[in-house]
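Each remark here refers to the structure printed beneath this line.
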There are 2 protein chains.
Amino acid sequence: MYSDKLRLVYQYPTMSYADIDRIIERHEKVSFKKGDLLLREGQISDCYYILEEGIARSFVHDYEGNDISTNFFCPGEVVIEVASIFHHIPTQENIICITDCVLWKIKIEQFQGLFETIPALAEWGRAWMAYQLLITKKRAIDIISLSAIDRYKQLLAEKPLIFQQAPLKHIATFLGITDTSLSRIRKELVSK
Amino acid sequence: MYSDKLRLVYQYPTMSYADIDRIIERHEKVSFKKGDLLLREGQISDCYYILEEGIARSFVHDYEGNDISTNFFCPGEVVIEVASIFHHIPTQENIICITDCVLWKIKIEQFQGLFETIPALAEWGRAWMAYQLLITKKRAIDIISLSAIDRYKQLLAEKPLIFQQAPLKHIATFLGITDTSLSRIRKELVSK
DNA sequence: GAAGTTACTTGCCTTAAGGCAAGTTTTCAA
DNA sequence: TTGAAAACTTGCCTTAAGGCAAGTAACTTC
């Protein structure tokens, strides 16, 4: 019943197979339809997901109310809103299914319990957070120092899957440009 | 000998005074001169600091070798490179003292030890990381959705101290613009 | 399978910010 | 205290990306 994708997420040097078994059996398989929200702004998040199948997108509303994509999730990734879960505060993010999705869900109390009894999981969590921080910092630097066309190429190389599913306008806001500009960038790259 | 600024950093709902005492007494007071590096790219970071006095700046080199500021540190802030410490990998960041600095230093092994015996410290650490992730995400969104002038105003409101100490060019790269543009923005705001 | 919506492209023009270079001011070290 | 370097400003021109609008294409949905 539990998938390899799920096992792989919790792979970590100090983590035993038995530990992983104990962790993954607390996950519940859930399905969502295209367009369903996994999280809505204003909610206090009390669980997180691991994506088994499908594509999801997180977004916020900026100061003018525009929808800005903050991330795209592909199979095997952890889908979570850290700030809301750890600080018990209402989230500013929405997470929406771009396609039909199958996910592994775990309530945060369940996770918290495992956290205290499996030291390797606490380490895993710290390493995971440190990694998220690293890539988020990198994202800010990329927006500052790369041209739109280079950011596009990079995203295309990193997450090609989303280009088959997500509409241009959502990819555009992730890159920090308009859909018009993205359309032109695409055209330019095709002509080369 | 230990300062209130240091105590305040570790303030947390589940943290007792005794816990804080145990933590802060592991910190060692260190001084650096303007221009000294607290961390150099390529190093594996094995300690972190809490800034008592002075201003520091972190920066990376982008794909073209340009110096891009990633953060400015003011008194009372934790000065750390999370990715390098938690993953034991060479850092890409440099941290430099903008002014003479007095800091509280703690080795990561010391910290790790406390981590295991003071549960509240582990919670504190998770909350701190979650917060860092939140503000780093916010930074990316701000770069995408705000004009240079609004980002300038925001930074001025948040960290006015750095404008008295850091040269324009370093503030400019943090905002994602050139020093020329920043000079013009400043001029425009003065004339209003 | 027709109507309506959403997605995408393209043209024309504008705008925010950058590039370069010259000039001034400030800082700092010898 | 003076000379050099760094910091900052400003002018002139360029460029990347945006704004708007018209048009086509694609996909729901009834």
Side-chain angles (χ1 to χ4, degrees), chain A residues 33-36 55 57 59 62-69 72 96-100 140-156 162-192, chain B residues 33-36 54-55 57 59 62-69 72 96-100 140-156 161-192:
Chain A
K33 288 279 159 207
K34 175 175 176 175
D36 287 351
I55 308 275
R57 175 179 79 98
F59 65 97
D62 72 4
Y63 303 85
E64 265 132 39
N66 307 306
D67 166 332
I68 310 280
S69 302
F72 291 97
I96 192 167
C97 298
I98 292 181
T99 63
D100 291 355
I141 296 162
D142 285 350
I143 299 170
I144 281 179
S145 66
L146 292 180
S147 63
I149 199 164
D150 286 341
R151 270 175 280 146
Y152 172 84
K153 284 183 193 165
Q154 199 172 284
L155 185 61
L156 190 58
I162 63 173
F163 288 85
Q164 288 149 36
Q165 306 287 355
L168 264 196
K169 66 176 176 189
H170 292 150
I171 297 174
T173 61
F174 182 79
L175 294 172
I177 58 178
T178 58
D179 52 348
T180 312
S181 292
L182 183 50
S183 178
R184 290 185 180 121
I185 282 174
R186 210 194 224 175
K187 183 187 177 190
E188 195 186 327
L189 285 178
V190 168
S191 74
K192 277 189 192 162
Chain B
K33 287 280 160 205
K34 176 175 177 175
D36 286 350
I55 309 272
R57 175 178 79 98
F59 65 97
D62 73 5
Y63 304 85
E64 264 131 42
N66 307 306
D67 167 331
I68 310 280
S69 302
F72 291 98
I96 192 167
C97 297
I98 292 182
T99 62
D100 292 355
I141 296 162
D142 285 350
I143 299 169
I144 281 180
S145 66
L146 293 180
S147 64
I149 199 165
D150 286 341
R151 271 175 280 146
Y152 172 84
K153 283 183 193 166
Q154 198 171 283
L155 185 62
L156 190 58
L161 266 183
I162 63 175
F163 288 85
Q164 288 150 36
Q165 306 287 353
L168 264 196
K169 66 176 178 189
H170 292 149
I171 296 174
T173 61
F174 182 78
L175 294 172
I177 57 178
T178 58
D179 52 347
T180 312
S181 292
L182 183 50
S183 177
R184 288 182 182 125
I185 282 174
R186 211 194 222 178
K187 185 188 176 189
E188 195 187 326
L189 286 179
V190 168
S191 73
K192 280 188 191 163

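This structure is a prediction, so every number in the text was calculated from the model and none was measured. Lettering follows sequence order; numbering is per chain, from 1. Worth knowing before you read on, the calculation uses all heavy atoms, side chains too, and leaves out hydrogens, waters and symmetry mates.
- One atom, CG of D67(B), and another, P of dA6(D), lie 14 Å apart when rounded to the nearest Å.
- Using a 4.5 Å heavy-atom threshold, the side chains of Q154(A) and D150(A) count as separate.
- In this entry the distance linking CG of L168(A) with P of dA26(D) reads 14 Å, nearest Å.
- Considering only heavy atoms from C-beta on, F59(A) stays 4.5 Å or farther from N66(A) through its side chain.
- Annotation: side chain of R186(A) is in contact with side chain of L168(A) (closest heavy-atom distance under 4.5 Å).
- For F163(B) and dA7(D), the CZ to P distance is 16 Å, given to the nearest whole Å.
- Here the side chains of L155(B) and I162(B) are in contact, with some heavy-atom distance below 4.5 Å.
- Between R57(A) and D67(A) the shortest side-chain heavy-atom distance falls below 4.5 Å.
- Across dG11(D), dC8(D), dA7(C), the shortest atom-to-atom separation from the side chain of R184(B) is found for dG11(D).
- In the region residues 172-183 of chain A, proximity to DNA chain D at under 4.0 angstrom, judged on heavy atoms, holds for G176(A), I177(A), T178(A), T180(A), S181(A).
- In this structure, the CG atom of D150(A) is 15 Å from the C1' atom of dA17(D), given to the nearest Å.
- Rounded to an integer number of Å, the gap from OH of Y152(B) to C1' of dA16(C) is 18 Å.
- Side-chain contact between F72(A) and F163(A) is absent, with no heavy-atom pair separated by less than 4.5 Å.
- Here the nucleotide nearest the side chain of R151(A), chosen from dA17(C), dC8(D), dA17(D), is dA17(D).
- Residue K169(B) has no polar side-chain atom (N or O) positioned under 4.0 Å from OP1 or OP2 of dC8(D).
- Of the candidates dT9(D), dC8(C), dT10(D), the closest approach to any side-chain atom of R186(B) belongs to dT9(D).
- In summary, of the residues considered (I177(A), L175(A), T180(A)), a side chain to side chain contact (heavy atoms under 4.5 Å, CB included) with I185(A) occurs for I177(A) alone.
- At the phosphate of dT28(D), OP1 or OP2 sits under 4.0 Å from a side-chain N or O atom of K34(A).
- Checked by atom type and distance alone, the side chain of S69(A) never pairs as donor or acceptor with a backbone atom of T173(A) at under 3.5 Å.
- If you take CD1 of I98(B) and C1' of dA6(D), they are 15 Å apart, rounded to a whole angstrom.
- If one axis is set at each end of the helix from dG1(C)-dC30(D) to dA30(C)-dT1(D) from five pairs, those axes are 50° apart, to 10°.
- For the pair I171(A) CD1 and dA7(C) C1', the interatomic distance rounds to 12 Å; values are reported in whole Å.
- In this structure, K153(A) and L189(A) have side chains that are in contact, with non-hydrogen atoms separated by less than 4.5 Å.
- Distance NZ (K187(A)) to C1' (dT24(D)): 14 Å, rounded to an integer number of Å.
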